[in-house]
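The analysis underlying the following values was restricted to heavy atoms, covering all of them including side chains, and did not include hydrogens, waters or symmetry mates. Index from 1, following the sequence.
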Amino acid sequence: MNHSERFPLFESRLNPRSAQALQRREDLLARIGEWRALEQRAADASAKSLPVFEKRGQLLPRQRVALLLDPGRPWLPLCPLAGYGVDTPELDKSVPGAGVIAGIGWISGTRCVVVANDSGINAGAMQAMGGEKTWRAQEIALQNKLPFVYLVESAGANLMRYRVEGFVKGGALFRNLARLSAAGIPIVTVQHGSGTAGGAYMPGLSDVVIMVRGRSRAFLAGPPLLKAATGEIATEEELGGAEMHAGISGLGEYLAEDDRDAIGIARRVIGGLDWKPLEAGERPAPEPALPGDDLLGLMSTDLRQPVDMREVMARLADGSELLEFKPLYGAATLCVQARIRGHAVGFISNNGPIDVAGANKATHFIQWMCKLGQPIVYLQNTTGFMVGKDSEQGGMIKHGSKMIQAVTNAARHVPQITILCGASFGAGNYGMCGRAFEPRFLFSWPSARTAVMGGEQAAGTMQMVAEAGAARKGVPLDAQALQEQREKIIHNFERQADACYTSGQMLDDGVIDPRDTRAVLAECLDICADARAREMRPLQFGVMRM
């Protein structure tokens with residue numbers, strides 16, 4: 001790119017050594033530490049099973065994943081906090097991850113979606129959010145045309161915690177495997193241990209199945225259920241052992257001697273796909289002129305304090321070069337063209353509420369990006385759409401609706417990626433491509449807060465409702481009860497707005513360190529570019545096992 005084609009260099013006004021920036025940095029590092037400790041809690045819980053696995057001659061699930069992946073290549077974890085606060089309301093006892101390890105990584109030079117049952121925790125029994133997490137990984141594989149690799153070892157559903165909705169919704173996992181196969185996406189399953197009842201359909205709906213001698217089991221009914229249902233007595237090996245499936249039923253294509261051998265076979269199978277990335281080598285791209293480490297000092301824990309989100313963009317963009325669209329119109333809504341590792345992108349972010357002009361500008365910019373075929377990156381830091389008499393009379397509802405229309409339908413034309421940086425309040429969450437609008441990827445900073453409104457605003461609203469009700473009835477207010485209600489509402493809103501809580505509910509694809517944002521975006525953009533370029537060979541049906 002010659003000099004005349006380059007975007008203007010952004011001139012930063014941030015002083016990273018100011019007292020304010022240093023305090024913000026300290027606060028955010030503390031939040032990062034809390035989030036990292038939660039992720040480590042799951043790894044530690046699984047590692048407690050190491051003696052049992054070693055006695056059986058097995059690898060722990062995380063060891064399997066590490067052995068499967070190409071060393072030194074990027075690994076993008078997916079939903080590592082899933083289930084946090086769902087398995088138990090006692091947060092200090094909650095184990096994040098939902099009993100599933102998931103991510104996007106490289107196997108034999110091919111980028112793949114990898115899912116592994118964390119059988120080091122409760123023998124891999126499926127948790128409520130484990131199905132949701134696996135479903136999300138399948139959707140990512142389908143959207144981005146990535147091979148799907150499943151490392152299976154699960155005790156199945158926890159019958160002591162049986163819920164009928166889990167059983168019914170679980171069928172979506174099988175449906176997605178059929179969709180993946182029919183779309184031409186390879187599905188490779190390594191059966192490290194048991195796959196019972198519905199779990200047996202995981203290998204049954206895969207294109208290639210690798211089983212481990214003496215360890216793999218796949219049957220619709222294990223010996224206890226078989227005896228209870230029919231009175232028939234059979235051993236596990238007779239019903240669904242690896243040798244039986246490899247030699248008699250035909251469910252298994254490959255018979256491995258142990259976990260390591262199975263992983264080696266999986267790597268050779270993936271290598272044989274000839275599914276290499278289509279992007280020709282590394283895109284030449286300058287690093288940002290401004291250090292990414294500065295991002296720690298930008299976002300305040302008090303989200304009412306203003307932040308110039310151009311400062312964030314400039315630390316993500318190649319050469320810190322930004323071309324701002326309509327800079328004088330709807331100035332609180334930022335629309336900026338830039339490049340990330342050579343990928344042309346459009347940034348949309350917020351320096352204040354989205355007003356009428358801002359909504360119109362964003363709508364125009366989204367259409368422009370769709371016309372250019374350039375991905376859109378939303379950096380959320382919004383208190384929502386503007387309210388008030390002037391705003392309502394100016395048509396905020398209809399203009400905000402235009403923006404929501406544009407965000408919704410842009411997905412047919414370009415990938416959309418969302419990063420929750422700070423506030424994500426009200427309909428601003430929707431207009432800035434929140435989870436409900438199905439961005440291709442969505443990640444949160446530890447500083448992010450998501451809610452229909454702030455806790456103080458919610459409490460104030462309910463107080464006014466209570467005061468108006470008391471006035472209508474002509475009765476005095478109970479000041480103590482009102483204060484207790486206020487504190488309860490604020491606590492409820494603040495607890496649920498926290499990034500770790502929302503990530504536990506799978507309202508994002510994971511929490512990330514702000515300093516890693518450029519690398520995460522670059523990997524996601526590479527994935528999207530490969531998906532766009534790859535020509536699939538869809539089938540009328542998924543591969544049917546013979």
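Residues Glu238 and Thr235 bring a donor and an acceptor atom of their side chains to less than 3.5 Å of each other. Side-chain atoms of His343 and Asp526 form a donor-acceptor pair, as typed in the model, at a separation below 3.5 Å.
Annotation: side-chain hydrogen bond (donor to acceptor under 3.5 Å, both in side chains) contacts of Glu39 (sequence neighbours excluded): Trp35, Arg36. Residues forming a salt bridge (charged side-chain N to carboxylate O under 4.0 Å, His left out) with Asp498 (at least two apart in sequence, or on another chain): Arg31, Arg449. With sequence neighbours excluded, the residues satisfying side-chain hydrogen bond (donor to acceptor under 3.5 Å, both in side chains) with Arg56 are Gln58. For Tyr430, the ring-ring contact (aromatic ring centres under 6.0 Å, His included) criterion is met by Phe437, not counting sequence neighbours. Annotation: side-chain hydrogen bond (donor to acceptor under 3.5 Å, both in side chains) contacts of Arg217 (sequence neighbours excluded): Glu236. Asn492 is linked by a side-chain hydrogen bond (donor to acceptor under 3.5 Å, both in side chains) to Arg495, Gln496, counting only residues two or more places apart in sequence or in another chain. Under the side chain to side chain contact (heavy atoms under 4.5 Å, CB included) criterion, Arg268 pairs with Asp261, Ile265, sequence neighbours left out. When the side chain to side chain contact (heavy atoms under 4.5 Å, CB included) test is applied to Ser49, the partners found at least two apart in sequence or on another chain are Phe53, Leu60. A search for salt bridge (charged side-chain N to carboxylate O under 4.0 Å, His left out) contacts involving Arg215 returns nothing, not counting sequence neighbours.
Of the possible donor and acceptor atoms, none in the side chain of Asn429 sits under 3.5 Å from a partner among the backbone N and O of Phe425. Although no hydrogens or angles enter the test, the distance criterion places no donor-acceptor pair under 3.5 Å between the side chain of Ser181 and the main chain of Ala178. With hydrogens and angles disregarded, a donor-acceptor distance shorter than 3.5 Å links the side chain of Asp70 to the backbone of Gly109. Side-chain N or O atoms of Asp259 include one that pairs as donor or acceptor with a backbone N or O of Leu59 at under 3.5 Å. Between the side chain of Ser216 and the backbone N or O of Gly193, no donor-acceptor pair lies under 3.5 Å. Of the possible donor and acceptor atoms, none in the side chain of Thr502 sits under 3.5 Å from a partner among the backbone N and O of Leu507. Thr189 places no side-chain N or O within 3.5 Å of a backbone atom of Gln191 that could act as its donor or acceptor partner. Without hydrogens or angle criteria, Thr134 side chain to Gly130 main chain gives a donor-acceptor distance under 3.5 Å. The backbone N or O of Ala42 sits nowhere less than 3.5 Å from a side-chain atom of Ser46 that would complete a donor-acceptor pair.
Distance check, rounded to the nearest 0.5 Å: CZ of Arg73 to CD1 of Ile107 gives 12.0 Å. Note that CD1 of Ile419 is 11.5 Å distant from SG of Cys433, once rounded to the nearest 0.5 Å. Rounded to the nearest 0.5 angstrom, His245 NE2 and Leu239 CG are separated by 8.5 Å. To the nearest 0.5 Å, the span separating CG on Asp508 from CG on Leu420 amounts to 6.5 Å. To the nearest 0.5 Å, atom CZ of residue Arg41 and atom CG of residue Leu81 are 10.0 Å apart. Between the CE atom of Met211 and the OH atom of Tyr254 there is a distance of 14.0 Å, given to the nearest 0.5 Å.
Salt bridge Asp318/Arg341: absent, no basic N to carboxylate O contact under 4.0 Å. Arg518 has a carboxylate O that lies under 4.0 Å from a charged side-chain N of Glu287, or vice versa, which qualifies the two as a salt bridge. Using a 4.0 Å cut-off between a side-chain N of Lys or Arg and a carboxylate O of Asp or Glu, Asp258 and Arg213 do not qualify as a salt bridge. Taking the charged nitrogens against the carboxylate oxygens, Asp513 and Arg515 do have a contact shorter than 4.0 Å, which makes a salt bridge. Checked for salt-bridge contact, Arg111 and Asp530 meet the test: a charged N lies under 4.0 Å from a carboxylate O.
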Which atom pairs, one a donor and one an acceptor, fall under 3.5 Å between side chains of residues 92-106 and the rest of the protein, sequence neighbours left out?
residue: Lys93; atom: NZ; partner: Glu90; partner atom: OE1; Å: 3.3
residue: Ser94; atom: OG; partner: Gly85; partner atom: N; Å: 2.8
residue: Ser94; atom: OG; partner: Asp87; partner atom: OD1; Å: 2.6

Counting only pairs under 3.5 Å, give me each side-chain donor-acceptor contact of residues 119-129, with atom names and distances, residues two or more places apart or in other chains.
residue: Ser119; atom: OG; partner: Glu153; partner atom: OE1; Å: 2.7

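With Asn144 as reference, Arg440 is the one residue of Arg534, Glu139, Arg532, Arg440 to meet the side-chain hydrogen bond (donor to acceptor under 3.5 Å, both in side chains) rule. Checking Asp207, Leu273, Ile210 one by one against Val188, the side-chain contact (heavy atoms from CB on, under 4.5 Å) holds for a single residue, Ile210.
At most 12 non-hydrogen atoms from other residues, nucleotides or ligands lie less than 6.0 angstrom from NZ of Lys227.
Listed by first then second residue, pairs satisfying salt bridge (Lys or Arg N to Asp or Glu O under 4.0 Å) with a partner in residues 113-133 read Arg62-Asp118, not counting sequence neighbours.
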